[in-house]
Amino acid sequence: MAPAPSPASPPANRGSVRDPGGSGAPVTISNRDVVRTLERIAGLLEIRGDNPFKVRAYRQAAVQVENLETPLSEIAAQEGGLRAIEGFGAAIAEKVQELLRTGRLGFLEDLEGEVPPTLLTICELPGVGPRTAAALWHEAGISTIDQLDHAARSGGLAGIPRLGARSLENLVAALDRRVARGGRRRRPREEVTGLAETLRDELRALPAAQRVELAGSYRRGEATVGDLDIVVATRHPVEVLTCFAALPQVERVILRGDTKCSIEAGGGLQVDCRAIPPESFGAAWQYFTGSAAHNVRLRGRALRLGLTLNEYGVYRVEGGGRVAGAEEAEVYAALGLDWIPPERRLDRGEIDAASRGVSAPMAGE
DNA sequence: TTAGTATT
DNA sequence: CATAATACTAAA
């Protein structure tokens, strides 16, 4: 998610739109601005190696703001203020308040003074995460893509831990692809429908494939998709994945293992294919449909019921007995839930709403 | 075997 | 205090 539109994000804080005319008119900070700021903070903290729970807190706050229907400025003015938002504690509420009031955020400016914000762009390269970015910065003084490109091609990265010959090759390839086409972006659903259905049908034609379905944001019916996800029930996963990687639409194989294969097709669109034994198909389809937040919520609920959920099924924590897995509805049922339509699987209260037995508060409204 | 990145 | 679980790759 979040492919950061990033037309070369400015070095300065996004919020510092400081009313250049000097009219004194209040600067409007949109919810999107706040989301970007919170995510920026999270990314920089992560590169700095800060407490993962703190990083998570900023990400969680960003997600909550994303889900809001009301402008933050309105909420700030109401009873309880920003603290009323789930995931907003004292620290984050105060920072967002400052951003809304002044259009700037001192904390972020300080952070950007400490950790070069251009490292966030480096983190967008596939295969490069916060740890690698931090190593590049500390061990080789690299903070920009240009510096990285130069160093990668001139032996300037020798000696950086966990960055061997093979990783370097991959890095250079990623830099080349980055030049070739600007950044991965989400595409309108209609643009990928043909490709999605074609790939699905080609897999359905394989004798080894018992069942083939699309999953991910495509199945959730989202207006745009960042990639495609396909689940295949089969007794012969390697054979299926080998065929998948050899389909005529495949432009590049990103990775290929025994249960999972990712390729690019349709002009750089990533397509993930997961091969799963038939008795696990329901759990796998559920897992691959997401959303990620929905899955995490579901798995947390499973734990509270003494169960554990993964893409292979629902299991008892003690004893490990299998409770469900072949059908999606049976997975939800094992967790005491009615089947939830994919479109609603966004972690926006749908799980409580689907809860049977112990009635969920119906939030009269 | 482990670290890092990736996936929902 | 503190959200789940797993796969793949390269390095060690």
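In what follows, every heavy atom counts, from backbone to side chain, and hydrogens, waters and symmetry copies are set aside. Below, read A as the first sequence line, B as the second, and so on, with proteins coming before strands; counting in each chain starts at 1. Computed from a prediction, not measured in an experiment: that's the story for all the values here.
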Is the phosphate of [N], meaning OP1 or OP2, less than 4.0 Å from a side-chain N or O of [X]?
X	N	result
T132(A)	dT5(B)	yes
N170(A)	dA10(C)	yes
Q60(A)	dA2(C)	no
R299(A)	dA5(C)	no
S262(A)	dC8(C)	no
Y312(A)	dA4(C)	no
S167(A)	dA11(C)	yes
N310(A)	dT6(C)	yes

Using 4.0 Å as the upper bound for N to carboxylate O, is an ion pair formed by [Y] and [X]?
X	Y	answer
E114(A)	R48(A)	yes
R348(A)	E69(A)	yes
R59(A)	E46(A)	yes

Go through [options] for me and flag the one nearest to the [X] side chain.
X	options	result
R166(A)	dT8(B), dA11(C), dT7(B)	dA11(C)
R131(A)	dT7(B), dC8(C), dT5(B)	dT5(B)
L303(A)	dA4(C), dT8(B), dA2(C)	dA4(C)
R162(A)	dA11(C), dA2(C), dT7(B)	dA11(C)
R220(A)	dT8(B), dA7(C), dA4(C)	dT8(B)
F53(A)	dT8(B), dT5(B), dA2(C)	dA2(C)

At 4.0 Å (heavy atoms only), tell me whether [X] reaches a base, stays on the sugar-phosphate, or touches nothing.
X	answer
D272(A)	sugar-phosphate
A275(A)	nothing
R256(A)	sugar-phosphate
P130(A)	sugar-phosphate

- Message: Under 3.5 Å, is there a donor on one side chain and an acceptor on the other for N170(A) and S167(A)?
- Response: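 No, because no side-chain N or O of N170(A) sits under 3.5 Å from a partner of the opposite role on S167(A).
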Separation of [X] atom [atom1] from [N] atom [atom2], in whole Å?
X	N	atom1	atom2	result
R297(A)	dA4(C)	CZ	P	11 Å
W285(A)	dT6(C)	CH2	P	22 Å
D229(A)	dA7(C)	CG	C1'	14 Å
E222(A)	dT8(B)	CD	P	11 Å
H294(A)	dT7(B)	NE2	P	20 Å
L157(A)	dA10(C)	CG	P	17 Å
E169(A)	dA10(C)	CD	P	9 Å
D258(A)	dC8(C)	CG	P	6 Å

- Task: Classify the ring geometry between H294(A) and Y332(A) as parallel (under 30°), tilted (30 to 60°) or perpendicular (over 60°).
- Result: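 Judged by the thresholds at 30° and 60°, the geometry between H294(A) and Y332(A) is tilted.
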- Roughly how far apart, to the nearest Å, are dT7(B) and dT3(C) at atom C1'?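 So the two C1' atoms sit 16 Å from each other.
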- Hey, does the side-chain of Y287(A) have a donor or acceptor N/O within less than 3.5 Å of a partner on the base of dT6(C)?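 No pair found.
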- DNA chain C: K54(A) or L309(A), which has the more 5' nearest nucleotide?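 The residue mapped nearer the 5' terminus is K54(A).
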- Please figure out whether N51(A) or T308(A) has its closest DNA chain C nucleotide nearer the 5' end.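 Its nucleotide being nearer the 5' end, the pick is N51(A).
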- Query: Does the ring of W285(A) carry R219(A) above it, NZ/CZ under 6.0 angstrom from centre and within 45° of its axis?
  - Reply: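 So R219(A) does make the cation-pi contact.
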- Using the side-chain contact (heavy atoms from CB on, under 4.5 Å) rule, take L309(A) and Y287(A) through it: C-alpha gap first, then chi angles, then the decisive distance, then the call. CA-CA 9 Å; L309(A) 168 65; Y287(A) 156 75; over 6 Å; no
